[in-house]
Student: 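Below: one structure in structure tokens.
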Amino acid sequence: MKLSESFYQQSDVVKVARELLGKELITNIQNKITSGIIVETEAYSWKEKGCHAYNNRKTTRNAVMFQPGGFSYVYLCYGIHHLVNVVTGGDGVAEAVLIRALEPSAGVDLMQERMNTDSDYRITSGPGKLTKALGIDRSLNGKYLLGDDLWIEDSGIKVGKSNIVASKRIGIDYAGEDAHLPWRFTIKDNTWVSRR
DNA sequence: TACGTGATCACG
DNA sequence: GTGATCACGTAA
């Protein structure tokens, strides 16, 4: 079952980031389904410097972050990689959760093809890799997550508090003291978590 | 540890 | 218009 609007519109983006662990991210690209279980997330809020919408700075790129929770935010990073976020919070509140790693679930063959490999070894263990594997690019920016292109379902997997590890977010050294916020969440000892 | 890569943003 | 920057991945 698809996650509801009220799930995405919760006021605490950090809580949503934790609760997304164990959920299933699914794409339907040209009638082909691929999916994976979310094992790593990061929270971003307009209140802190790591966020594209810090201090409510609104641009063409990040405008969708100001929509109510339940939309996708996809952008190109370093000219090469597409990164996918889930917009959370209320209308006008710029918050989002970055999906950083998945455990492959449905459509593994197609994911391998997209990744140009015969193996499933770490094909979705990183924010740039999982978008490529699932066929996500900027044409999926701003999609409604209760639609039929890109959505998240409850997989039935329960991730208990003791199985969630919090750490500082990756790749945002420019954010000063906010770079130390423990807003990255991983499933403990999960092999599919990203590594640098 | 170095660097490719190109959209985006803040300047004028 | 232009230059600096960047929520990564890979090779070495």
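A, B, ... follow the sequence lines: proteins, then strands. Residue 1 opens every chain.
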Student: Please name all residues satisfying ring pair (Phe, Tyr, Trp, His ring centres under 6.0 Å) with A:Y75, sequence neighbours left out, ordered by chain then number.
Tutor: A:H52, A:Y73

Student: Between atom OH in A:Y75 and atom C1' in B:dG6, what is the gap in whole Å?
Tutor: 14 Å

Student: I need the residues from residues 122-139 of chain A with at least one non-hydrogen atom less than 4.0 Å from DNA chain B; give them sorted by number, or say none.
Tutor: A:R138

Student: Hey, could you give me the CE/CG distance between A:M115 and A:D120, rounded to the nearest 0.5 Å?
Tutor: 11.5 Å

Student: Please write out each protein N/O paired with an N/O of nucleotides 3-5 of chain B under 3.5 Å, distance rounded to 0.1 Å.
Tutor:
| from | atom 1 | to | atom 2 | distance (Å) |
| --- | --- | --- | --- | --- |
| B:dT5 | O2 | A:Y78 | O | 2.5 |

Student: Whole-Å distance between B:dG6 P and A:H82 NE2?
Tutor: 11 Å

Student: How close or far is atom P of C:dT5 from atom CD1 of A:I172, stated in whole angstroms?
Tutor: 18 Å

Student: Rounded to whole Å, how long is the line connecting atom CD of A:E42 with atom P of C:dA7?
Tutor: 11 Å

Student: How would you list all residue pairs meeting ring pair (Phe, Tyr, Trp, His ring centres under 6.0 Å) that involve residues 103-122 of chain A, not counting sequence neighbours?
Tutor: none

Student: Between A:E48 and A:R169 (salt bridge meaning N to carboxylate O under 4.0 Å), is one present in this structure?
Tutor: yes

Student: Among residues two or more places apart or on two chains, list those pairs meeting ring pair (Phe, Tyr, Trp, His ring centres under 6.0 Å) that have a residue in residues 133-176 of chain A.
Tutor: A:F71-A:Y144

Student: Do you see a donor-acceptor pair shorter than 3.5 Å between the side chains of A:T117 and A:S119?
Tutor: no

Student: Does any pair with a residue in residues 136-146 of chain A pass salt bridge (Lys or Arg N to Asp or Glu O under 4.0 Å), and if so which ones, sequence neighbours excluded?
Tutor: A:K143-A:D149

Student: What pairs meet the salt bridge (Lys or Arg N to Asp or Glu O under 4.0 Å) rule with one or both residues in residues 84-102 of chain A, with sequence neighbours excluded?
Tutor: A:E40-A:R100, A:E42-A:R100

Student: Could you check whether A:D109 pairs with A:R114 (Lys NZ or Arg NE/NH1/NH2 to Asp/Glu carboxylate O, under 4.0 Å)?
Tutor: no

Student: Does any residue of residues 88-120 of chain A have a heavy atom under 4.0 Å from DNA chain B, and if so, which ones, in number order?
Tutor: none

Student: With heavy atoms under 4.0 Å as the rule, sort A:G50 into base, sugar-phosphate or nothing.
Tutor: base

Student: Could you give the CG-to-P distance, from A:L83 to B:dT8, as a whole number of Å?
Tutor: 14 Å

Student: Could you spell out the base pairing of DNA chain C as a dot-bracket line? Use Watson-Crick and G-U wobble contacts where both distances are under 3.5 Å, [ ] for crossing pairs, | for partners on a different strand.
Tutor: ||||||.||||.

Student: Linking Ile, Leu, Val, Met, Phe, Trp and Tyr by side-chain heavy atoms under 4.5 Å, what else ends up with A:L76?
Tutor: none

Student: Can you confirm whether A:F185 sits close enough to A:V165 that some side-chain heavy atom of one is under 4.5 Å from a side-chain heavy atom of the other?
Tutor: no

Student: Sequence neighbours left out, what pairs pass side chain to side chain donor-acceptor pair (under 3.5 Å) with at least one residue falling in residues 18-30 of chain A?
Tutor: A:Q10-A:E19, A:K15-A:E19, A:E24-A:S35, A:E24-A:S105, A:T27-A:T34

Student: NE2/A:H82 to CG/A:L140 distance, rounded to the nearest 0.5 angstrom?
Tutor: 10.0 Å

Student: Of all the heavy-atom pairs spanning A:A17 and A:T41, show the shortest one and how long it is.
Tutor: O-OG1, 2.9 Å

Student: So which protein nitrogen or oxygen atoms get under 3.5 Å of nucleotides 9-12 of chain B's nitrogens or oxygens?
Tutor:
| from | atom 1 | to | atom 2 | distance (Å) |
| --- | --- | --- | --- | --- |
| B:dC9 | OP1 | A:T59 | OG1 | 2.3 |
| B:dC9 | OP1 | A:R61 | N | 3.1 |
| B:dC9 | O3' | A:R57 | NH1 | 3.3 |
| B:dA10 | OP1 | A:R57 | NH1 | 2.7 |

